[in-house]
2 protein chains.
Amino acid sequence: MCNVKRNPILQSLIDDNLVSDPASARGRLLKEAARLFRDKGYERTTVRDLAAAVGIQSGSLFHHFRSKEEILKAVMVETIRLNTALMQAAVSAADTPRDRLRALIRTELESINGRTGEAMAVLVYEWRSLSEPARTEILALREIYEGLWLEVLRQLRSQGDLAADPFVVRRLLTGALSWTITWYRPERGELSLDGLTEQVMTMMGLS
Amino acid sequence: MCNVKRNPILQSLIDDNLVSDPASARGRLLKEAARLFRDKGYERTTVRDLAAAVGIQSGSLFHHFRSKEEILKAVMVETIRLNTALMQAAVSAADTPRDRLRALIRTELESINGRTGEAMAVLVYEWRSLSEPARTEILALREIYEGLWLEVLRQLRSQGDLAADPFVVRRLLTGALSWTITWYRPERGELSLDGLTEQVMTMMGLS
DNA sequence: GTCTATATTTGGATAGAC
DNA sequence: GTCTATCCAAATATAGAC
C-alpha cells in the first residue's frame, strides 16, 4: 500500500484487523478522538468537534460509528490491544526480573507520555463515561495486560527484591505512572523517559 | 448551636467561615454535590440531579449558587482548606521525618478513602471541568498543601532515607494515593488504612 | 461516503408567584 | 427560600439529496 516504515508490532496488529490503520479514515478519526477526549474530556467533546477534526460534517460521522460512545469504546479497545502487544515484547526482551520491571515501567510511561499517550489517558480517565456492557468488555481485555505486571512483580518478590505485596504495588504503580500525564513534559528536556523510569526504580529501592 | 461532637479542626474552620457547616443548607448541598460529581462526573451531573439530592427544585439551586460551576469550585475550595488543616496537624504531631511522611500518607489516604473522600476525588479528577480563573484560584490554595509534603521529603533526603528526587516522588505519590479511590475498599476489611499506609512505606523502603 | 437540514432531547439558567 | 413554568442554547442523532 505504501512504504512508510512502521513499528512491526503495530503492523502485525493492523494486518490482523485488531487495530485500525492510522492512515485509514477510521484510524484517523480514532486518533483525533483520543486527542479531543484527553484534552476536553469525553462529555465536553461534541460530535461536531470530532467531525471537524477529520474535516467532515457531524452527520457523516454516523456513517462510520453508530454512536458517540462507540467511538470512545473503539479508542479504548484498540489502545489496550496495542499496548498489551508492546508490553509483551518488552518483557520478552529483558533477561532478569529487575530488567523486566524496568521494561514494563518504561513501556507504560512511553505509552502514556508518547505517541499513544492521548489514548492511554482516555483509557484511564474516561472510564465513568462508558456504559456498563462496554465496561465489561474492556475489563476483560485489561486482565491480560495486568497479568504481565503481576507475573514480573511476583518474580521480584520471590527473589527478595520486593517486600510489599505485588498486587498492591501494581495498583500503586498504576496510579503513579498514569498520573504522570498531568505533570510530566518530556519535551522540556529536564527529565528524560529513561530518567523518569530510574526515579521510579530508585523510589522502589531497585535502581 | 447544637451538641454534636465534631473534629475540633473542622469546627474551628467552620467558626472562621472557611468551610460550610455540614448541617447547613449550603453544607448539605456541597456534600451531595461531591458525591454526585464523583459517581457520575461533573458533566454528567445535572442541576436537576443536584437539586433532587437535597430535596428542592432545580430553579431553587440558583438562589444559593450563581452557576453549576460555582458549586464545583466551592466543593474544591472547602476540601483543600479542610485537608490542609488536617495535614498540618498530622505533621506537627509526629517527631521524625519518617513518622511525618507516614502521617502525611495516612492522612491523605484517609481523606481520599474516608469521610471527605468524595470531595477529594472530585478535586483530583474534575480539574478539566474548571474554567481558567477558577483553576488559578484553586492552584494557589493547593501550593500550601504541596509545600507540606516537599518539606518532609527534603528532610528524609537530607538524612539519607530517600534516594530519589523529592519533587518527583511527591508527584508519583500523588498519583499512587489518589488512584486508591478506584480500587481500595476499606469496608471489605482485607486491608486497613494503616496496612495500606505500611505497604506504601514498604514499597519506598521505609517501613 | 459526504452533504444539508432538521427532528428531538437535554440541560443550564431565569421570571415571577407564593 | 422554594415553587412552577419556561426560555434558550447546545448537542445527539436522523433523513434524504447528491
Side-chain angles (χ1 to χ4, degrees), chain A residues 1 17 20-76 122 126-135, chain B residues 1 17 20-76 122 126-135:
Chain A
M1 180 59 96
N17 265 324
S20 310
D21 189 327
S24 71
R26 180 185 162 96
R28 271 183 300 119
L29 178 88
L30 291 181
K31 187 177 152 63
E32 291 301 318
R35 189 179 55 78
L36 285 164
F37 291 163
R38 184 199 56 175
D39 290 349
K40 312 175 56 169
Y42 173 77
E43 295 290 341
R44 296 169 80 93
T45 302
T46 69
V47 291
R48 287 176 180 81
D49 292 334
L50 292 166
V54 291
I56 58 176
Q57 297 299 311
S58 69
S60 308
L61 258 195
F62 294 87
H63 179 78
H64 301 280
F65 295 89
R66 263 198 294 263
S67 69
K68 184 184 166 192
E69 196 203 359
E70 201 178 83
I71 298 175
L72 175 63
K73 193 176 118 185
V75 167
M76 292 185 171
V122 170
E126 297 297 341
W127 187 251
R128 275 177 318 193
S129 299
L130 276 186
S131 65
E132 193 48 55
R135 277 188 206 187
Chain B
M1 180 57 96
N17 266 324
S20 310
D21 189 328
S24 70
R26 180 185 161 97
R28 271 182 300 118
L29 178 87
L30 291 181
K31 186 178 154 60
E32 291 301 317
R35 189 179 56 77
L36 284 164
F37 290 163
R38 183 199 55 174
D39 290 349
K40 312 176 53 167
Y42 172 78
E43 296 289 340
R44 295 169 80 94
T45 303
T46 69
V47 292
R48 289 172 177 84
D49 292 333
L50 292 166
V54 291
I56 58 175
Q57 297 300 311
S58 68
S60 308
L61 258 195
F62 294 88
H63 179 78
H64 301 280
F65 294 89
R66 262 197 295 262
S67 68
K68 183 185 166 192
E69 195 202 359
E70 201 178 82
I71 298 175
L72 176 62
K73 193 176 119 186
V75 168
M76 291 185 171
V122 171
E126 296 298 341
W127 186 250
R128 276 179 315 193
S129 299
L130 276 184
S131 66
E132 193 50 53
R135 279 188 205 187

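Not measured: the values here are computed from a predicted model. The chains referred to below are lettered A, B, ... by the order of the sequence lines, with proteins before strands, and numbering in each begins at 1.
The side-chain heavy atoms of A:K40 and A:D49, taken from C-beta on, include a pair separated by under 4.5 Å. Taking the side chain as every heavy atom from C-beta outward, A:L50 and A:F37 approach each other to under 4.5 Å.
Although no hydrogens or angles enter the test, the distance criterion places a donor-acceptor pair under 3.5 Å between the side chain of B:Y42 and the main chain of B:E69.
B:L61 has its CG atom 15 Å from the C1' atom of D:dT4, to the nearest Å. Atom CG of B:L50 is separated from atom P of D:dT2 by 15 Å (rounded to the nearest Å). Spacing between atom CD of B:Q57 and atom C1' of C:dC18 amounts to 15 Å, rounded to whole angstrom units. Across the protein-nucleic acid pair, B:F65 atom CZ and C:dT14 atom C1' stand 18 Å apart, rounded to whole Å. For the pair A:K68 NZ and D:dA10 C1', the interatomic distance rounds to 12 Å; values are reported in whole Å. Computed from coordinates, the B:F62 CZ to C:dT14 P distance equals 7 Å when rounded to whole Å. A straight line from CD1 of B:I56 to C1' of D:dC3 spans 10 Å, rounded to a whole angstrom. In this structure, B:E43 atom CD and C:dG11 atom P are separated by 11 Å, rounded to whole Å.
At least one side-chain nitrogen or oxygen of A:H63 sits closer than 4.0 Å to the OP1 or OP2 atom of C:dG1. When the side-chain nitrogen and oxygen atoms of B:S60 are compared with OP1 and OP2 of D:dG1, none of them lie within a distance under 4.0 Å. A sub-4.0 Å separation between OP1 or OP2 of C:dT2 and a side-chain N or O of A:H64 is present. Within the 4.0 Å cut-off from OP1 or OP2 of D:dA11, not a single side-chain nitrogen or oxygen of A:T46 is found.
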- Message: Checking A:E70 against A:K73 for the salt bridge (Lys or Arg N to Asp or Glu O under 4.0 Å) test, could you report, in this order, the C-alpha distance in whole Å, the side-chain angles of both residues, the deciding distance, and whether it holds?
- Response: CA-CA 5 Å; A:E70 201 178 83; A:K73 193 176 118 185; over 6 Å; no

- Message: With salt bridge (Lys or Arg N to Asp or Glu O under 4.0 Å) as the criterion, how do B:R128 and A:E126 come out once you've worked through the C-alpha distance, each side chain's angles and the decisive distance to 0.1 Å?
- Response: CA-CA 12 Å; B:R128 276 179 315 193; A:E126 297 297 341; 2.8 Å; yes

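In the set D:dT12, D:dT2, C:dG1, D:dT12 carries the atom at the smallest distance from any side-chain atom of A:V47.
Between A:R48 and A:G55, the residue whose closest nucleotide on DNA chain C is further toward the 5' end is A:G55.
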